[in-house]
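Below: the structure, in structure tokens.
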Amino acid sequence: MPQNLLDFDLPGLTAWFAELGEKPFRARQVFRWIHQAGVADFAHMTDIAKSLRETLQAQAVVQAPAIKFLHRSADGTRKWLFDVGVGNGIETVFIPEDDRGTLCVSSQVGCALECSFCSTGRQGFNRNLGVAEIIGQLWVAQHSLKTEANRTTGEIAERPVSNVVMMGMGEPLANFENVVTALGVMLDDHAYGLSRRRVTVSTSGLVPAMDRLAERCPVALAVSLHAPNDALRDRLVPINKKYPLAELMAACRRYLVHAPRDFITFEYVLLAGVNDQPVHARELVELARDVPCKFNLIPFNPFPDAGYEKPGGEAMRVFREILQDAGYVVTTRRTRGDDIDAACGQLAGQVADRSGRVIKRLHREAA
Ligand code: SF4
């Protein structure tokens, strides 16, 4: 079985090259060819010695997950469905804006955390994605988008993906080692060179893993909050029973000591009549008082048999104003690309559930 070089960060590739008797600078050259130039064919790595190219051709590949489907929205949004084997698919979304291009990346096939409003949570859990499957999403997006001209300026961007959010399918911190290795590649100047401030991990609140992320690879952090008290959050985000809000808020404060940004982003999906009332907004104001933060309000994006409704415009306005009047910065997520952008896990591919629950296939276009 050839070694997939997308599985390595630079230290990993250097160690593998050492086993071949090759020097670290050779590993750096190949790493740059792969991630900066987007080259998968070793024959095209022209400044690499022929003998090494032949060795690599015999022993290695550069292989991202296969694209099963690519949807282009009129607003410039791109959505890929990647085939990750045995009937499973994951989604990746690129959202272009005037001053940035954001890629939303998946970390698992399905998710085991069972948030009650989440389409991925309803599908069950299959497996963690490998490093090559995580970084492969960025590799495909960056290098395919490089060939496309900007819609308004007509220019070809050198680095179309300027920001990455780990908010696709799965709980990133439940796939800790693979996610941290992939983050290392995103940040590496020999690869994508993204700043820590422009890479965001979104978690539902795995407290011990938040502390480990602060030590190993502090990037920007978003926390999927969705409720202002434990009773409601226990229902909506069941991991709250293990790590209740007081522990989560304390973990956020600890994280900020290491974080590249001086605030946490709290994601809050508004569910009509469930967590979108003024009393909930006022509870949130108190809950977050000691945590420098911003709120991102996300109107629920209904899916079949969800059991929840989208909030009304007036309820959203009142909710937002209560937070703003208390001094918080609040954004309300716009709908982009046919409702494809939502909270952690709201991207739904297709999952063969290995945890025994009903399999739901929610990806309309691929059906
Ligand atoms: S919201 Fe995130 S953590 Fe919760 S089930 Fe969905 S993907 Fe998992």
Side-chain angles (χ1 to χ4, degrees), residues 81-82 84 88-93 104-129 133-134 137 164-176 178-179 200-210 213 221-227 230 232-245 247-248 251-252 264-271 274-275 296-308 333 339-363:
L81 177 68
F82 288 103
V84 288
N88 290 310
I90 54 161
E91 288 188 352
T92 308
V93 177
C104 182
V105 170
S106 294
S107 57
Q108 297 183 306
V109 185
C111 182
L113 296 190
E114 298 188 299
C115 299
S116 62
F117 57 87
C118 170
S119 49
T120 296
R122 295 280 185 90
Q123 293 186 81
F125 176 70
N126 188 284
R127 67 177 176 85
N128 284 330
L129 292 178
E133 292 169 317
I134 299 170
Q137 297 169 64
V164 171
V165 291
M166 300 289 310
M167 283 187 193
M169 182 183 272
E171 161 57 60
L173 297 185
N175 183 13
F176 189 85
N178 290 347
V179 165
T200 301
V201 165
S202 174
T203 180
S204 56
L206 301 188
V207 165
M210 288 165 66
L213 186 69
L221 189 71
V223 172
S224 298
L225 204 53
H226 310 316
D230 283 322
L232 185 52
R233 198 163 190 267
D234 283 354
R235 273 207 286 137
L236 300 179
V237 186
I239 195 69
N240 192 69
K241 292 176 193 156
K242 193 162 182 189
Y243 305 114
L245 282 167
E247 284 184 37
L248 180 56
C252 288
I264 302 283
T265 302
F266 286 131
E267 308 279 344
Y268 195 99
V269 170
L270 288 159
L271 307 159
V274 176
N275 67 353
N296 189 22
L297 303 180
I298 306 156
F300 176 63
N301 184 18
F303 57 89
D305 303 323
Y308 294 107
R333 197 174 285 181
D339 283 1
I340 56 182
D341 173 28
C344 140
Q346 293 290 289
L347 301 182
Q350 57 201 53
V351 179
D353 181 19
R354 288 167 69 190
S355 55
R357 276 169 281 153
V358 176
I359 299 168
K360 275 188 183 284
R361 180 173 169 160
L362 299 171
H363 191 268

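Bear in mind that the values here come from a model prediction, so they are computed numbers and not experimental data. Atoms within each ligand, like the ligands themselves, are counted from 1 in listed order.
Minimum heavy-atom separation, Glu133 to Asn128: OE1-O, 4.4 Å. The two atoms that bring Ser106 and Glu91 nearest to each other are OG-O, 2.7 Å, heavy atoms only.
Take Tyr243 and apply the side-chain hydrogen bond (donor to acceptor under 3.5 Å, both in side chains) test, not counting sequence neighbours, and it matches no residue. For Asn178, the side-chain hydrogen bond (donor to acceptor under 3.5 Å, both in side chains) partners are Asn175, not counting sequence neighbours.
Met166 is not listed as a side-chain neighbour of Thr203, based on a closest heavy-atom distance of 4.5 Å or more.
In summary, the atoms of ligand 1 found under 4.0 Å from a heavy atom of Cys118, numbered by their order in the structure, are 1 (S), 5 (S), 6 (Fe), 7 (S). Ligand 1 places these atoms under 4.0 Å from at least one heavy atom of Cys111: 3 (S), 5 (S), 7 (S), 8 (Fe). Near Ser204, meaning under 4.0 Å from any of its heavy atoms, are these atoms of ligand 1: 3 (S).
When heavy-atom distances to ligand 1 are checked against a 4.0 Å cut-off, Glu114 comes that close only through its backbone atoms N, CA, C and O.
Residue Cys115: no N/O/S atom is found under 2.8 Å from atom 8 (Fe) of ligand 1.
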